[in-house]
Amino acid sequence: MIKKRLYQDTNFVTGLVFSILALLLLFVWIPLDSDTGLIEKVRRQVAIGDALAPTIAGVFLLIGGGLLMLLERNGDNQPAMDSNSVIFVGRVFAMLVLSFLVMRYAGPLAVELMNALQGSEREYRLLRDTAPWKWIGYVLGGTIAICGTISLTEGRFSPRALVVALLAIAALIAIFDLPFDDLLLPPNGDF
C-alpha cells in the first residue's frame, strides 16, 4: 500500500486544524473574552457562567478533531485535498463571516430604522433583552449560517434549507432563551 502524503490525508489535516482551533478557543479566546467562569455562585445562587457554553463547544471540537486524526486517518474512502476543497472551505468561511456580521449589526440597525421612521430615540442596548429586538440578529444571522451551509453543501438554495434553518433557530431560542431570565443570546452581551 502506497503511503499518502500529509496533504492528501484529508482527515488528519482536518482533525489537526480543528484541534488547534479548539485549543486556541479553550486556552486563549475564552479566558480573554469571558468575565465569569464556567459556573458562578453569587449570594448563594448558582448561575451559568459566560465561559460554560463556549467551553463545552471547544471540548467537543477537540474530541472531534482528535478522533479524526487518530481513528479516521487511514480511511480508504477519504478524498485528497484539492483546489475545490480549499475553495469550498473559503466559501463556507465567507458565509459564516457574513452571518456573524448580520447577527452583530441587524438588531442595532433595526432600532435605528425604527428611530428614523418613528422619530424616537431608543437605544438597542436598552432593548437587547426584550422581544422581538433580542431575536432579530440571532434569527437573521443564524438563518444565514445554517441555510447557507446547507445550500453550499448541496450546491443550490432550497426552500427546505430555509425551513430547516428557521426551525433550528426556533429550537435554539426555545432551549437557551425562553427558560432563562438572565441569559442574553449572542451577540447581545457585547453591547
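Computed from heavy atoms alone, side chains included, the values below leave out hydrogens, waters and symmetry copies. Note that the structure is predicted; figures quoted are calculated from it, not measured.
- When each of Leu61, Ile63, Leu62 is checked for a side-chain contact (heavy atoms from CB on, under 4.5 Å) with Val59, only Ile63 meets the rule.
- Taking both residues in full, the closest heavy atoms of Ser99 and Gly141 are given as CB-O, 3.2 Å, listed atom of the first, atom of the second, then distance.
- When hydrophobic clusters are built by joining Ile, Leu, Val, Met, Phe, Trp and Tyr residues whose side-chain heavy atoms come closer than 4.5 Å, directly or via intermediates, Val89 is not grouped with Ile150.
- Note that OH of Tyr124 is 7.0 Å distant from CD1 of Ile136, once rounded to the nearest 0.5 Å.
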Trace of the side-chain contact (heavy atoms from CB on, under 4.5 Å) decision for Tyr138 with Asp177: CA-CA 11 Å; Tyr138 193 75; Asp177 185 50; over 6 Å; no

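- With hydrophobic clusters built from ILVMFWY side chains whose heavy atoms lie under 4.5 angstrom apart, Ile87 does not share a cluster with Met95.
- Between the OG atom of Ser19 and the CG atom of Leu68 there is a distance of 8.0 Å, given to the nearest 0.5 Å.
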Glu154 vs Arg160, salt bridge (Lys or Arg N to Asp or Glu O under 4.0 Å): CA-CA, chis, key distance, verdict: CA-CA 11 Å; Glu154 292 179 343; Arg160 182 185 61 80; 2.2 Å; yes

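- By the 4.5 Å heavy-atom criterion applied to side chains, Asn115 and Val111 are counted as neighbours.
- Under the 4.5 Å side-chain heavy-atom criterion for grouping Ile, Leu, Val, Met, Phe, Trp and Tyr, Phe88 is connected to Leu96 within one hydrophobic cluster.
- With values rounded to the nearest 0.5 angstrom, Leu109 atom CG is found 10.0 Å from Arg104 atom CZ.
- When side chains are defined from C-beta on, Ser151 does not count as touching Arg156, because their heavy atoms never get closer than 4.5 Å.
- How far CG of Leu167 is from CG of Leu172: 11.0 Å, rounded to the nearest 0.5 Å.
- Put simply, the side chain of Thr130 gets close to the backbone of Leu127: a donor and an acceptor are under 3.5 Å apart.
- Within a 6.0 Å radius of CZ in Phe27, other residues, nucleotides and ligands contribute 12 heavy atoms or fewer.
- In the hydrophobic clustering of this structure, Val97 groups with Tyr105; members are Ile, Leu, Val, Met, Phe, Trp, Tyr whose side-chain heavy atoms approach within less than 4.5 Å, directly or through other members.
- The minimum heavy-atom distance between Ala165 and Cys147, with the atom names listed, is CB-N, 3.7 Å.
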Stepwise side-chain contact (heavy atoms from CB on, under 4.5 Å) test for Leu140 and Met103: CA-CA 6 Å; Leu140 291 176; Met103 189 178 283; over 6 Å; no

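- For the atom pair Ile30 CD1 and Leu24 CG, the distance stands at 11.0 Å (nearest 0.5 Å).
- Connection of Ile175 to Ile146 is established within a shared hydrophobic cluster, with ILVMFWY side chains joined at heavy-atom distances below 4.5 Å, either directly or through further cluster members.
- Exactly one residue among Leu16, Thr14, Ile20 makes a side-chain contact (heavy atoms from CB on, under 4.5 Å) with Phe18. That residue is Thr14.
- Within a 6.0 Å sphere centred on CZ of Phe157, other residues, nucleotides and ligands contribute more than 12 heavy atoms.
- Taking CE from Met69 and CG from Asn11, the interatomic distance works out to 11.5 Å, rounded to the nearest 0.5 Å.
- The two residues Ala174 and Leu178 make their nearest non-hydrogen contact at CA-CD1, 3.8 Å.
- Between Arg128 and Glu123 there is no salt bridge, since no side-chain N of the basic residue sits under 4.0 Å from a carboxylate O of the acidic one.
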